[in-house]
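Here the structure is laid out as structure tokens; the discussion comes afterwards.
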Amino acid sequence: VPGISPAKAKKIKKVGVIGCGTMGGGILMNFVQIGIPVVVLESKQEFLDNGMAIIRRNWMSSVKKRKLSPTTFEKYMSMIKPTTQYKDFSDVDLVIEAVFENMKIKKEVFRNLDAVCKPSCILATNTSFLDVGEIAKSTSRPQKVVGTHFFAPANVMQLLENVRHPGTDEETIATVQELAKQIKKKGVLVKVCEGFVGNRMFGVEQIEVLRVVLEGATPQQVDSVMYKFGWAMGPFQVGDLSGNDIGYRRRDELGLVEKPFNGPLGEYSPFFVTDNLVKQYNRLGLKTGKGWYDYEDGQRKPIPSKQVEELIIASSKERGITRRK
Ligand SMILES: NC(=O)c1ccc[n+]([C@@H]2O[C@H](COP(=O)([O-])OP(=O)(O)OC[C@H]3O[C@@H](n4cnc5c(N)ncnc54)[C@H](O)[C@@H]3O)[C@@H](O)[C@H]2O)c1
């Protein structure tokens with residue numbers, strides 16, 4: 001990166017993660033697997049237990065496939081300290097926040113971290129869309145605030161968007177760029193903008209696939225075509241894997257859920273279908289066991305859903321769109 005010397009990178013010996021959901025769990029696995037111990041915080045003990053059970057299950061599935069030894073599995077588990085208390089973050093070198101996509105909640109988390117973390121500690125956010133510079137304002141160390149945007153599943157996907165805001169300092173940028181290499185990711189440095197790079201592209205793709213289903217196709221037809229085209233997974237399956245609530249929360253914060261006619265296309269936003277999926281039916285995806293598809297207990301195999309089909313047909317009707325075969 002021009003103007004950024006890798007020599008400025010700081011050694012990271014211990015990492016903190018806030019939120020043990022879809023992303024927090026996957027993110028922390030990266031660090032443990034390269035020998036860096038992690039402290040992970042949730043707002044409630046039951047959420048913490050739930051998140052830890054998923055991490056355990058993920059590694060256990062590697063043990064069953066003989067890709068991980070039982071001894072290494074035990075070592076990994078012993079390197080995670082689950083907590084509900086911020087005071088446990090006093091000696092970490094970097095914290096990655098992965099709580100709900102909401103500015104107010106993120107600012108509160110960063111205020112809490114700023115109060116307990118040592119001054120040199122880097123405070124990173126995994127936000128998908130929010131202004132990292134705005135989050136930084138809730139701390140006394142905006143120069144140490146940066147975005148580290150992982151992609152789901154965070155322990156598998158190679159891309160890491162490191163997001164600098166105008167005040168992020170050289171040491172912080174160099175550190176997260178070097179860290180990407182250590183955890184075997186491709187670190188791409190980007191600036192703050194709506195959706196950064198990955199989600200900005202994904203957003204446009206989502207608009208198109210939603211239009212296609214409103215015009216007559218089913219999610220499984222779209223996914224199957226994209227799979228045959230060579231994608232690892234179709235766009236509706238990706239939605240269920242990542243969580244359909246992420247985009248919903250963002251649109252809700254921008255007032256676009258109540259006013260879909262202000263959508264990115266000017267005329268109407270096809271995202272109202274996703275928003276109804278989340279708001280009316282709580283179909284968030286794999287994490288609620290139902291999204292664009294139904295799922296059997298703990299299984300990832302997508303099963304076409306009658307409820308979703310009805311929702312889509314009703315949505316087309318609502319917008320006066322004639323469905324084609
Ligand atoms: N899911 C994805 O594909 C994806 C990809 C990249 C970035 N992100 C971003 O990562 C962040 C987390 O997303 P997710 O998909 O993991 O969401 P999630 O709903 O699966 O997990 C969020 C977790 O944060 C916890 N939490 C909420 N408020 C908290 C608080 N105040 N203190 C501590 N814990 C709290 C929740 O209990 C939950 O377990 C969001 O900002 C999202 O936009 C998500």
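Order of appearance sets the numbers: ligands from 1, and atoms from 1 within every ligand. Residues take their numbers from the sequence shown, with the count starting at 1. Source: prediction; values computed, not measured.
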Test your reading of the structure: does [X] have an N or O sitting under 3.5 Å from an N or O of ligand 1?
X    : result
Y86  : no
M23  : yes
V99  : yes
K287 : yes
S242 : yes
H149 : no

Mark the output for [X] as yes if a heavy-atom distance to ligand 1 is under 4.0 Å, and as no if none is.
X    : value
K106 : yes
A98  : yes
S43  : yes

So which protein heavy atom does [atom] come closest to, and at what separation?
atom                    : value
atom 21 (O) of ligand 1 : G21 CA, 3.4 Å
atom 43 (O) of ligand 1 : S128 OG, 2.6 Å
atom 15 (O) of ligand 1 : I246 CD1, 3.4 Å
atom 31 (N) of ligand 1 : I105 CG2, 3.7 Å
atom 37 (O) of ligand 1 : E42 OE1, 2.7 Å
atom 10 (O) of ligand 1 : N126 ND2, 2.9 Å

When you check the gap from the basic side-chain N to the acidic O, do [X] and [Y] get nearer than 4.0 Å?
X    : Y    : answer
D240 : R283 : no
R249 : D245 : yes
E178 : K10  : no
R250 : E194 : yes

Testing F196, F202, F129 for ring pair (Phe, Tyr, Trp, His ring centres under 6.0 Å) with H149, which one passes?
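Among the candidates, only F196 passes.
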Between Y76 and W59, how do the two ring planes meet: parallel, tilted or perpendicular, split at 30° and 60°?
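Plane angle between 30° and 60°, so tilted.
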Minimum side-chain heavy-atom gap [X]-[Y] below 4.5 Å:
X    : Y    : result
K290 : L284 : no
E97  : K106 : yes
N276 : Y248 : no

Do E171 side-chain atoms and A9 backbone N/O form a donor-acceptor pair below 3.5 Å?
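Checked: no pair found.
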Is NZ or CZ of R300 both nearer than 6.0 Å to the six-membered ring centre of Y295 and within 45° of the ring axis?
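Geometry flag: not set, cation outside 6.0 Å or 45°.
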Where ligand 1 meets [X] - atom numbers and elements under 4.0 angstrom, heavy-atom basis:
X    : result
F150 : 5 (C), 6 (C), 7 (C)
A152 : 3 (O)
L41  : 33 (C)

